Amino acid sequence: MLDLNYIREHTDEVREGLRKLHLDAPIDEILELDARRRQLLQEVENLRARRNAVSKEIGKMRDEAGRQALIAEMRQVGDQIDALEEELRQVEARLEQLLLEVPNMPHPSVPEGKDESENIVVRQEGTFRQFDFEPLPHWELGVTLDIIDFERAVKISGTRFYVLKGAGARLHRALVAWMIDLHVQKHGYTEVLAPYLVRRECLIGTGQLPKFAENLYFDAEDDLWLIPTAEVSVTNLFRDEILPAEALPINLVSYSACFRREKMSAGRDVRGIKRVHQFDKVEMVKIVEPETSEEELFKLIDNAEDVCRGLGIPHRVVQMCTGDLSFTASIKYDIEMWAPGSQEWLEVSSCSLFGDFQARRANIRYRPAPGKKPRYVHTLNGSGLALPRVMIAVMENYQQADGSIVIPEVLRPYMGGQEVIR
RNA sequence: GGAGGGGUAGCAUAGUCUGGCCUAAUGCGCGCGUCUCGAAAACGCGUGUGGGUAACUCCCACCGUGGGUUCGAAUCCCACCCCCUCCGCCA
């Protein structure tokens, strides 16, 4: 959420930001409602001040006739207050609703562009493996090795679900365990395991709601929502808190299942395990002081890249242009791994700096020093990494001519020393 | 799910029965200062959040949440949420 004062005082910059994003937002209506709100607020508060003062007098008065006269007068004032408050409530509700639909502003450093075609490949690392045979896509390798079962997944859950089996399931588990250990032991994160079902307010806090409800699964009876990413549960751990300065930076890593309807991409990427309704992910979340947040973003990206380096799979870092930024991000970089069987770059991580956009929504603040006013924190997160696509990259990069898959060395301790899946 | 107890500012408590000097007190913690070579102790001052305002020693709101009664609600009424104890059920 943007600061209402900022919208009022820097209206032109907000309009310019929206133009760069190729998005629209009801700025005029917001400004009108804001002006009306402040006007109503003053009227109501003046009336309330009067009533407070007079009511106190009434409590002390002995003259019964004068008392009754004042009570009658205050009854009138009360009616006026009720009427104004009703209008105020409506204005504030509408204002809140509109503010929640205004996207974050792009950071000035973000290159301008209309859509993903204008994203910028910042760097590429690692060497492509030279194959002396035709590398197969993972959906063929997985079925042949009997480590992925698509048909039974569809039988029990429908399209866009998958089942891992035997060494496939274990490879998945090994990846999760190794990634978490890497981030904890080498990068200094603290591991957390949080609920997959969260309250509606959490989705509003991190920005999935109200705009993107159609991408989420939820339980109507209890109004509990399945998280589309651990970002939601982990960032919201701190909602409505004022953290002491010494608690920052907070660096958390969390494994979770993620649930997405994928309504927007019907018909795309239907083969294999690239785009599914339920997948697992290791997510990194940072809660930091505003002054350090850009530096923290680059650490975050490097931490995610370290996973690619450890696995020995080529990757590249892509900066999103303004037209391809998410609703909540101020800066965003994707990390993509090369998949030689599918012949494509796979987005395995998305690293974002949100500034205070999420912090305002979730009301996460910190106190810079004892006695000082609370300030909003900056939040960041990045995948470290998303499991199915890393599985794809491992399977396709490490396949051999006979269809077997060599297990990357870093994962072998997590697989009981196994070296090859055949 | 049943019965009982509870939710008050960072923490711990008072206030609720009996509405109005509660515009929420006290202790702890925290900050600043005095004293000291320095510290502790003691003493003094200060210390919740959000909003209105150019700004304030000014005003408004917030006592779990949302409604209601009243000139006036932490206090009375209704609904809901959460926590604790016991019982039931359960991996």
Side-chain angles (χ1 to χ4, degrees), chain A residues 1-10 30-100 193-205 218-225 233 236-248 250 257 287 356 358-377:
Chain A
M1 183 154 70
L2 297 184
D3 181 6
L4 187 52
N5 292 318
Y6 182 83
I7 298 178
R8 190 190 311 128
E9 286 157 26
H10 299 84
I30 286 171
L31 290 173
E32 280 166 34
L33 287 169
D34 172 49
R36 181 69 186 140
R37 184 186 75 93
R38 285 185 298 150
Q39 184 193 344
L40 285 168
L41 209 51
Q42 260 189 354
E43 290 175 26
V44 166
E45 288 188 355
N46 287 338
L47 289 173
R48 277 205 286 239
R50 172 126 179 281
R51 184 176 68 180
N52 285 346
V54 174
S55 288
K56 214 167 98 179
E57 284 303 307
I58 292 172
K60 293 179 191 162
M61 271 178 86
R62 303 183 154 250
D63 168 25
E64 190 55 27
R67 211 178 126 93
Q68 289 306 324
L70 284 181
I71 287 177
E73 193 190 336
M74 285 310 103
R75 200 172 283 145
Q76 300 283 319
V77 171
D79 289 344
Q80 287 181 54
I81 292 174
D82 284 349
L84 291 172
E85 275 181 339
E86 178 54 29
E87 189 185 349
L88 188 60
R89 252 197 300 277
Q90 286 174 13
V91 167
E92 285 186 332
R94 177 72 182 146
L95 189 57
E96 171 80 3
Q97 186 187 354
L98 291 178
L99 279 174
L100 286 175
L193 183 63
Y196 300 167
L197 282 165
V198 299
R199 299 174 191 280
R200 172 188 298 267
E201 303 88 83
C202 296
L203 281 311
I204 293 172
F218 76 106
D219 167 50
E221 186 171 349
D222 294 319
D223 197 25
L224 281 174
W225 298 63
S233 45
N236 278 283
L237 291 175
F238 306 100
R239 65 179 298 107
D240 293 321
E241 289 195 26
I242 301 175
L243 302 159
E246 60 270 22
L248 304 180
I250 293 172
I287 312 278
D356 63 9
Q358 290 183 328
R360 268 177 209 289
R361 288 173 160 251
N363 193 27
I364 307 173
R365 292 170 293 172
Y366 79 107
R367 202 180 294 282
K372 292 277 197 250
K373 282 275 170 199
R375 296 175 72 197
Y376 287 109
V377 298

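As a basis for the values below, the full set of heavy atoms in this structure was taken, side chains included, without hydrogen atoms, waters or symmetry mates. What you see is a predicted model; the values in this text were computed from it and never measured. Chain identifiers are assigned alphabetically (A, B, ...) following the order of the sequence lines, protein sequences preceding nucleic acid strands; residue numbering begins at 1 within each chain.
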[X]/[Y] ion pair, N-O < 4.0 Å:
| X | Y | result |
| --- | --- | --- |
| A/D63 | A/R67 | no |
| A/R8 | A/D34 | yes |
| A/E201 | A/R361 | no |
| A/E73 | A/R51 | no |

ask   = Are more than 12 heavy atoms from other residues, nucleotides or ligands located less than 6.0 Å from atom CZ of A/R367?
value = yes
inquiry  = Here's a test of your reading of the structure: between A/R75 and A/I242, which maps to the more 5' nucleotide of RNA chain B?
reply    =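 Taking each residue's closest nucleotide, the earlier one in sequence belongs to A/I242.
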remark   = Closest to the 5' end of RNA chain B, once A/R367 and A/I58 are matched to their nearest nucleotides, is A/R367
Tell me: [atom1] of [X] to [atom2] of [N], nearest whole Å?
| X | N | atom1 | atom2 | result |
| --- | --- | --- | --- | --- |
| A/L70 | B/U70 | CG | P | 18 Å |
| A/D240 | B/G50 | CG | C1' | 12 Å |
| A/N46 | B/C60 | CG | C1' | 9 Å |
| A/E92 | B/G52 | CD | P | 10 Å |
| A/L88 | B/G51 | CG | P | 15 Å |
| A/L4 | B/G50 | CG | C1' | 14 Å |
| A/R51 | B/G20 | CZ | P | 17 Å |
| A/E201 | B/U65 | CD | P | 14 Å |

Assign [X] to base, sugar-phosphate, or nothing according to its heavy-atom contacts below 4.0 angstrom with the strands shown.
| X | result |
| --- | --- |
| A/N52 | sugar-phosphate |
| A/R37 | sugar-phosphate |
| A/P374 | sugar-phosphate |
| A/R67 | base |

query = To the nearest 0.5 Å, how far apart are CZ in A/R239 and CZ in A/R365?
reply = 12.0 Å
ask   = From A/D219 CG over to A/L197 CG, what is the distance, rounded to the nearest 0.5 angstrom?
value =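 If we round to the nearest 0.5 Å, A/D219:CG and A/L197:CG are 7.5 Å apart.
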note = Within residues 78-86 of chain A, the residues having a heavy atom closer than 4.0 Å to RNA chain B are none
From B/G51, B/G50, B/A61, nucleotide with atom closest to A/R48 side chain =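 Nearest to the side-chain atoms of A/R48, counting from C-beta on, is B/A61.
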